[in-house]
Protein chains: 2
Amino acid sequence: MENKEKGSKEKQILAAAEQEFLTMGYDGARTTSIARRAGVTHAMLHYYFRTKEQLFERIVDEKFSTMSHSMFAIMGDPSLPVLERIIGGVESHFDFVAENPLLPRFVINEIVARPEHCDILHKRIAHVVGALYRELQLEIDRAAENGEMERVDVRMLFISIMSMNIFTFLAYPFMEPLMGELMADREQFLKKRKAENVETILRRIKKQKDAV
Amino acid sequence: MENKEKGSKEKQILAAAEQEFLTMGYDGARTTSIARRAGVTHAMLHYYFRTKEQLFERIVDEKFSTMSHSMFAIMGDPSLPVLERIIGGVESHFDFVAENPLLPRFVINEIVARPEHCDILHKRIAHVVGALYRELQLEIDRAAENGEMERVDVRMLFISIMSMNIFTFLAYPFMEPLMGELMADREQFLKKRKAENVETILRRIKKQKDAV
DNA sequence: TTTTGCATTAACAAAATTGTTAGACAATTC
DNA sequence: GAATTGTCTAACAATTTTGTTAATGCAAAA
């Protein structure tokens, strides 16, 4: 064996494929380019994965799995009081997306291009997500009963949270040149943005003195 | 001439290309498929537009122009009091995206794939957008001074508005199977979602009795 | 009527991309 | 050490996709 670790080339190809598919999409990706990135001949790629499609499926599987984790991050820590729980959910979801900034675009594109592909993902998580919704909704209703927060539909709340957290990264390259100094320092901007998202959600669910 | 209107085939091709590029992206689009959609031979397509790239540029130009309109919709009506102005901005931006639901994904993908392409767009709107920001920020500061609303950074506010409005359509196909009856009726859901976005932004900018 | 020029088609050419195969080579097993 | 197995390469084949061209028709101008 050339390579110290067994399966090293296979792993190199997978890593290169992940990069390529996440940035270029299925259609934009080139098997030759993946092979080049991985430092192997392109025959090698076909040797290990047979076809571009099969290689892609491997990446999709892994990424969909990562994706479903993010849905759970958003649920927050059930041991906390509901208000802190939601805020914690916003923060951990934001951090999750920050660590996987290319994931949302990939998933969104994939779902449009190959909806049938995604049925698998949906079936895998739909009922779990549904159960979690119901559980958190009960908590919210209880807290609302006690006047601790506004009564809201948890699904709407989740959409808002995902919207603000995910869009931050989706649109970063588009916004950056339009926002002047605000986005010049990425780290600092992300910190501010996270705080802004928390604040926005917090105000959405806090009991208001004067109803709208 | 076969066709009544001059340039009919050219227009047919453009319409087909718009459909194809918006849904499939540059890499996914096929010139033969565009020609088929348009009901012309694919040689015809090359006759009118020479290359796939040139045809694509035509679509990009038009779509980027549409895009910049949406940035102005979000500014609201300057003749209104600032609070109504912002709410009106949220609503008209939502409506705009609802009428161009494929646009955001197209722009986001394009900006990642061909950043240099987008410099043109940015240069075209950066200073106009900048001026509008400053104008609205002044209004906000004045209103905040009078205790009519919270003092907020208008750029952050815009990001929040765009996030929630755009993400609704970006993620619709992903969310729909996870949300049960909430999203079953698209029209009704969009109405609810628009109201939710308005409510969320409104609460973000309303003066609170007890600060956070 | 002849000419000019655009629109159109079918057939073809070129390029890019994916996928295959026969065989070399090294390591492992028997 | 011979046979076997899995890894790897180079060259090639097939397919898909884009782009070209030469020939034809047709409408308006001269």
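In what follows, every chain begins at residue 1, and chains take the letters A, B, ... in the order their sequences are listed.
- The nearest whole Å value for the distance from the CD1 atom in B:Ile34 to the P atom in D:dG19 is 11 Å.
- By the 4.5 Å heavy-atom criterion applied to side chains, A:Asn197 and A:Thr168 are counted as neighbours.
- Residue B:Met44 contributes atom CE, which lies 16 Å from atom P of D:dG19 at whole-angstrom precision.
- With distances taken from any side-chain atom of A:Lys52 to the nucleotides C:dG19, D:dT7, C:dT8, the minimum falls on C:dG19.
- Atoms CG (A:Leu45) and P (C:dT20) sit 12 Å apart, rounded to a whole Å.
- Here the nucleotide nearest the side chain of A:Arg30, chosen from C:dT8, C:dT17, D:dT18, is C:dT17.
- Atom pair B:Glu53:CD and C:dA16:P shows a separation of 13 Å (rounding to whole Å applied).
- Within the 4.0 angstrom heavy-atom criterion, no nucleotide atom of any strand lies near B:Ala35.
- In this model, the phosphate group of D:dT9 is approached by a side-chain N or O of A:Thr41 to a distance below 4.0 Å at OP1 or OP2.
- We find that CZ of B:Arg36 is positioned 14 Å from C1' of D:dT18, with the value rounded to whole Å.
- Spacing between atom CD of A:Gln54 and atom P of C:dT18 amounts to 15 Å, rounded to whole angstrom units.
- Counting heavy atoms from C-beta on, the side chains of B:Asp27 and A:Tyr26 never come closer than 4.5 Å.
- Among the protein residues, B:Thr31 comes within range of the sugar-phosphate backbone only, with heavy atoms under 4.0 Å from sugar or phosphate atoms but none that close to a base.
- Here B:Lys9 does not reach the OP1 or OP2 of C:dA7: none of its side-chain N or O atoms lies under 4.0 Å away.
- Shown here are the side-chain hydrogen bond (donor to acceptor under 3.5 Å, both in side chains) partners of A:Glu176, two or more places apart in sequence or in another chain: there are none.
- Without hydrogens or angle criteria, A:Ser163 side chain to A:Ile159 main chain gives a donor-acceptor distance under 3.5 Å.
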Distance-only donor-acceptor hits, side chain of residues 183-190 of chain A, under 3.5 Å, sequence neighbours excluded:
residue	atom	partner	partner atom	Å
A:Asp185	OD1	A:Glu187	N	3.1
A:Asp185	OD1	A:Gln188	N	3.3

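- With rounding to whole Å, A:Phe49 atom CZ is found 15 Å from C:dT18 atom P.
- Residues B:Phe49 and B:Phe56 keep their aromatic ring centres 6.0 Å or farther apart.
- For the pair B:Tyr48 OH and C:dT9 P, the interatomic distance rounds to 10 Å; values are reported in whole Å.
- Checked against the 6.0 Å centroid threshold, B:Phe169 and B:Phe94 count as a close aromatic pair.
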Restricting both atoms to N or O, compile the protein contacts to nucleotides 20-25 of chain D shorter than 3.5 Å, with distance only.
none

